[in-house]
Amino acid sequence: MLLFNSLSKQKEEFIPIEKNHVKIYVCGPTVYDDAHLGHARSALAFDLLRRLFKTDGYQVTFVKNFTDIDDKIITKMTESKQTLEEIVTHYITRYKEDMHALGIEDADIEPKATESIEDILNFIQHLEDKGFAYVIDDGVYFDTSKDKEYFSLSGRSVDETQNQSRVESNSQKRDLKDFAMWKFSKSGEPAYPSPWGKGRPGWHIECSAMIKKHLASSGDYQIDIHGGGADLLFPHHENEACQSRCESDQKLARYWMHNGFVQIDGEKMSKSLGNSFFLKDALQVYTGEVLRFYLLSSHYRANFNFNEEDLLASKKRLDKLYRLKKRIIIDKGSSVNKSFKAAILNALHDDLNISATLAVIDEMITDANEKLDKEPKNKGLKKEIRSNITFLETLLGIGTMNAFAYFQIGISEAEKRDIETLIKQRDIAKANKDYAQSDAIRDTLKAKQIQIMDTPEGTVWEKIQA
RNA sequence: GGCGAUAUAGCCAAGUGGCUAAGGCAGGAGCCUGCAAAGCUCUGAUCCCCGGUUCAAAUCCGGGUGUCGCCUCCA
């Protein structure tokens with residue numbers, strides 16, 4: 001398998017630290033607000049990676065943290081008059097609900113910063129003992145000048161950040177790029193005791209400490225893959241890598257993977273621009289699977305320009321899979337077509353080439369439809385198609401619904417009865433060759449966004465979504 | 001200001017030196033159908049511009065232009 005490593009800026013063959021075992025750590029959200037499309041994109045990228053490794057037979061240990069103590073959460077506390085506990089519990093629950101709706105499973109381990117304070121403090125202590133830390137008025141800082149390999153991940157040069165940053169240097173920091181590992185608390189802020197004074201962890205330290213606690217191997221590298229959004233490459237991941245390298249004399253991760261951003265109308269989606277698109281809002285309009293398929297349908301490293309037109313085009317592509325599924329109502333499959341499976345895996349093994357993967361799927365669908373047109377009763381054929389779809393369900397998390405239910409989402413039971421009644425009336429009219437009447441009924445249904453289709457098995461219907 | 005991505009048909013999007021440049025959506029024609037829908041078949045691109053390397057470039061190199069991102073909390 002080839003993976004694009006942000007460290008080397010090229011695709012590299014994946015070689016696990018431990019045979020048949022992959023250790024992945026992905027930076028999770030700071031839980032101070034509902035999850036947006038960007039969170040989903042990142043989660044989906046690594047969900048796909050995780051599923052692929054499992055399909056390949058690896059044991060996967062997948063860790064995703066929740067940052068549950070942070071300046072933004074404190075701001076939220078002030079605004080909402082809620083406790084830290086109330087806020088983070090609420091948003092962690094909400095995050096998981098939204099992710100589950102997209103077919104994203106929980107990580108194997110989901111550490112929280114506030115539950116890792118002891119590990120964080122030990123980590124800082126060790127760095128101080130080794131001479132990498134210094135204390136100033138507002139916290140304990142990492143002295144980046146002591147790390148010769150600083151910038152090795154992001155590929156920046158020392159010079160370029162000097163006096164170029166838009167951030168004003170506030171403090172007694174020895175160097176602009178030094179960063180806080182522990183922030184002293186002001187009165188009223190949540191605080192934990194520490195050898196240096198009451199406070200809270202800096203942003204970067206939790207990941208380093210959690211990886212050490214939950215995943216670290218003992219060799220050259222602590223873990224196989226470290227992932228997150230492209231924005232985290234610098235400074236977040238640079239700082240994590242730096243801390244862990246200096247603390248342990250090991251490298252943090254062998255492969256660094258960064259997903260591209262979701263844009264709305266060509267602009268970055270962000271809080272500060274006020275164009276955040278929350279998953280909960282998108283899920284009001286589209287099913288989780290439709291959103292999953294859409295957000296998964298372009299390469300994880302490319303920026304993703306979210307818009308409704310493309311989403312509907314993507315949904316039509318997913319519809320084709322479900323229409324095929326409707327044609328092969330059958331209990332059990334046989335086995336996946338070998339060349340189909342190989343083509344899918346071959347595409348995904350090339351740094352998750354999802355476009356090539358989807359092309360293989362579309363070709364399978366066309367081929368299957370063609371064969372079913374010729375041999376509608378061929379059971380062996382249906383079993384193989386069934387197996388092929390099951391393979392996709394597990395690997396990609398798509399096609400998992402009942403094929404009829406998929407096309408009838410949002411229709412109440414009462415509406416369904418009405419539709420069925422009209423269809424029966426139309427069947428009678430058709431039998432009597434009263435086509436004026438049967439067409440009138442079809443038009444009535446169409447006006448209600450219901451498309452009917454006559455098949456050898458009888459008349460079926462779908463909700464039109466466009 | 002510094003750094004880094006990216007530019008492929010109306011739209012989305014693969015493809016990194018060599019047969020006719022994947023696939024999907026939209027559009028057009030046909031088959032099927034009482035008519036539709038679905039499905040199937042057929043149908044579309046000198047790959048941003050200019051130079052260069054090469055027998056051969058969308059693909060490599062140089063320059064230009066556009067778009068986007070990072071350097072600040074961010075997925």
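Predicted, not measured: the structure shown is a model, and the values here were computed from it. Labels below follow one simple rule: chain letters A, B, ... track the order of the sequence lines, proteins then strands, and each chain is numbered from 1.
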Exercise. Does the salt bridge (charged side-chain N to carboxylate O under 4.0 Å, His left out) test come out yes or no for A/K112 and A/D68, once each step is laid out?
Worked result: CA-CA 6 Å; A/K112 298 181 191 122; A/D68 62 347; 5.8 Å; no
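Judged by distance alone, with hydrogens and angles left aside, the side-chain atoms of A/S42 form no donor-acceptor pair with the main-chain N or O of A/G228 at under 3.5 Å. In this structure, A/E240 contributes its side chain and A/S208 its backbone to no donor-acceptor pair below 3.5 Å.
Counting any heavy atom pair closer than 4.0 Å across all strands shown, A/G38 reaches a base atom. Counting any heavy atom pair closer than 4.0 Å across all strands shown, A/R301 reaches no nucleic acid atom. Among the atoms of the strands shown, none is found under 4.0 Å from any heavy atom of A/H236.
When distances are taken from the side chain of A/R323 to each of B/A22, B/G39, B/C68, the shortest belongs to B/G39. Picking from B/G69, B/G23, B/A14 the nucleotide with the shortest atom distance to the side chain of A/A356 gives B/A14.
At the phosphate of B/C40, OP1 or OP2 sits under 4.0 Å from a side-chain N or O atom of A/N369.
For B/U59 and B/U53, the P atoms lie 15 Å apart once the distance is rounded to whole Å.
Neither side chain, A/N259 nor A/R41, offers a donor N or O lying under 3.5 Å from an acceptor on the other. Under 3.5 Å, the side chains of A/N337 and A/S339 contain a donor-acceptor pair of N or O atoms.
RNA chain B is contacted by both A/N259 and A/E462; A/E462 maps to the nucleotide lying nearer its 5′ end (nearest heavy atom per residue). Heavy-atom distances to RNA chain B give each of A/S42 and A/N307 a nearest nucleotide, and the one nearer the 5′ end belongs to A/N307.
Take A/H237 and apply the ring-ring contact (aromatic ring centres under 6.0 Å, His included) test, not counting sequence neighbours, and it matches A/H226, A/W256, A/H258.
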Counting primed atoms, P, OP1 and OP2 as sugar-phosphate and everything else as base, the B/S/- map of nucleotides 24-36 of chain B against protein heavy atoms under 4.0 Å is SSS-------BBB
